[in-house]
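In this text, all values refer to a predicted model and were calculated from it rather than measured experimentally.
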Amino acid sequence: MTEVTEDAVFRDEDWYGEEFVERRFVRCSFHEVDLTEAVTRGAVFEQCVFGNVRFNASHHTDSAFLRCSFTRCNLFEAEFTGCKLVGSTFTESVLRPLRVVGGDWSFVGLNGADLRRASFDGVRMREVDLNGADCTGAALVNVDLSGAHLAKAKFGKSDLRGSDLTAFVPGELELAGAVIDDAQAIVIAQTLGLIVR
């Protein structure tokens, strides 16, 4: 049986290294909570609020953070594997170096986020909000970025190989030194109105 916690408020809790396995939190609030090196497996956080929460070096596997808000949180060296963060938002949070493998980050709000040298591999990020985000030197490999919002985003020296770049408008983004593959080069050329033969 999955343990379900609803509408609870957690404040100043020390959960350093705690494990959350197949637990569910709904509409809960977490403030000044220490989740450093915490582990979640199959856990679900739905419509939860995280404020000043420390996720440093935490590991999350097959967990879900659905429509959650993260404000002034620290995710230094946090790892997400096969997780769903659909509809969640990050504001004034430390997100580097962040590592994400697989999972669904569609509709996630990362407006203005500092994602330099962050790593996203095989992640679904449809219609993600990366407006003003700094992804310099980041790896976004085999990522579905279709419909992404990218105004004034920076991708200089980033690795974009295998990703869907149909939302990229070259003249409006910083792309100097970014690495792409042959198929993506054709997509970019077509975006510029060029004919590839």
Side-chain angles (χ1 to χ4, degrees), residues 30 45-53 55 60 64-80 83-181 183-194:
F30 303 81
F45 299 83
E46 188 172 351
Q47 298 182 58
C48 291
V49 174
F50 297 91
N52 292 300
V53 174
F55 289 94
H60 310 275
F65 296 81
L66 306 173
R67 298 184 303 285
C68 294
S69 65
F70 298 80
T71 304
R72 292 184 296 280
C73 293
N74 193 327
L75 287 87
F76 177 79
E77 291 192 339
E79 293 189 4
F80 294 83
C83 294
K84 291 184 178 180
L85 278 86
V86 177
S88 291
T89 59
F90 292 85
T91 306
E92 297 178 28
S93 295
V94 176
L95 297 169
R96 51 185 293 258
L98 178 70
R99 184 168 184 264
V100 181
V101 180
D104 192 345
W105 285 53
S106 296
F107 305 100
V108 169
L110 290 163
N111 191 310
D114 184 353
L115 292 166
R116 288 174 294 165
R117 294 184 291 283
S119 175
F120 294 84
D121 188 348
V123 185
R124 182 185 174 96
M125 299 180 76
R126 301 189 69 177
E127 297 194 47
V128 65
D129 182 357
L130 286 170
N131 287 326
D134 188 350
C135 300
T136 303
L140 293 101
V141 179
N142 298 317
V143 172
D144 181 358
L145 288 166
S146 56
H149 305 279
L150 305 170
K152 297 183 180 179
K154 299 178 181 178
F155 292 92
K157 298 181 181 178
S158 59
D159 186 350
L160 301 170
R161 289 175 294 178
S163 294
D164 185 325
L165 304 182
T166 53
F168 280 55
V169 180
E172 299 178 3
L173 300 172
E174 186 176 308
L175 289 166
V179 179
I180 60 175
D181 57 34
Q184 292 169 312
I186 293 173
V187 171
I188 295 294
Q190 290 173 336
T191 300
L192 292 170
L194 302 176

Find the distance between SG (Cys68) and CZ (Phe50) and round it off to the nearest 0.5 Å. 5.0 Å

Quick one: do Leu175 and Ile180 satisfy side-chain contact (heavy atoms from CB on, under 4.5 Å)? Show the steps, please. CA-CA 10 Å; Leu175 289 166; Ile180 60 175; over 6 Å; no

For a side-chain contact (heavy atoms from CB on, under 4.5 Å) check, start with the C-alpha distance between Val100 and Leu85, then their side-chain angles and the critical distance, and finish with the verdict. CA-CA 11 Å; Val100 181; Leu85 278 86; over 6 Å; no

Heavy-atom closest contact (Ala113 atom, Leu95 atom, distance): CB-CD1, 3.8 Å

On a heavy-atom basis, the closest approach of Val108 and Val128 is O-CG2, 3.2 Å

What distance do Asn142 atom CG and Asp159 atom CG have between them, rounded to the nearest 0.5 Å? 9.0 Å

Look at the rings of Phe70 and Phe90 and say which category their plane angle falls in: under 30° parallel, 30 to 60° tilted, over 60° perpendicular. parallel

For the residue pair Phe80 and Trp105, categorise the inter-ring angle as parallel (less than 30°), tilted (30 to 60°) or perpendicular (more than 60°). perpendicular

Taking the six-membered ring for Trp, are His60 and Phe65 parallel (under 30°), tilted (30 to 60°) or perpendicular (over 60°)? perpendicular

In short, Val143 meets Gly122 closest at the heavy-atom pair CG2-N, 4.3 Å

Short side-chain to backbone donor-acceptor contact, Asn131 and Ala151, under 3.5 Å: yes

Ignoring hydrogens, what is the shortest heavy-atom contact between Arg161 and Gln184? Give both atom names and the distance. CA-OE1, 3.4 Å

One should read off an interatomic distance between Ser88 OG and Gln47 CD, to the nearest 0.5 angstrom, of 10.0 Å

Tightest non-hydrogen contact, residues Ala167 and Gly147, listed as CB-N, 4.0 Å

Can you tell me if Asp144 uses its side chain to pair, donor with acceptor, with the backbone of Arg126 under 3.5 Å? no

Measure the spacing between CG of Leu110 and NE2 of His149 and express it to the nearest 0.5 Å. 12.0 Å

4.5 Å side-chain heavy-atom contact, Phe76 and Pro97: yes

Nearest-0.5 Å distance that lies between atom CZ in Arg116 and atom NZ in Lys157: 12.5 Å

What's the spacing between Arg67 CZ and Glu46 CD if we round to 0.5 Å? 5.0 Å

Minimal heavy-atom distance between Ala78 and Leu98, with the atoms involved, is O-CD1, 3.6 Å

Exactly one of Thr136, Leu115, Leu160 should register a side chain to side chain contact (heavy atoms under 4.5 Å, CB included) with Phe155. Which one does? Leu160

Start with the C-alpha gap between Phe168 and Leu145, add the side-chain angles, then the distance that decides, and say whether side-chain contact (heavy atoms from CB on, under 4.5 Å) holds. CA-CA 9 Å; Phe168 280 55; Leu145 288 166; 3.9 Å; yes

Any donor-acceptor pair under 3.5 Å from Ser93 side chain to Thr91 backbone: yes

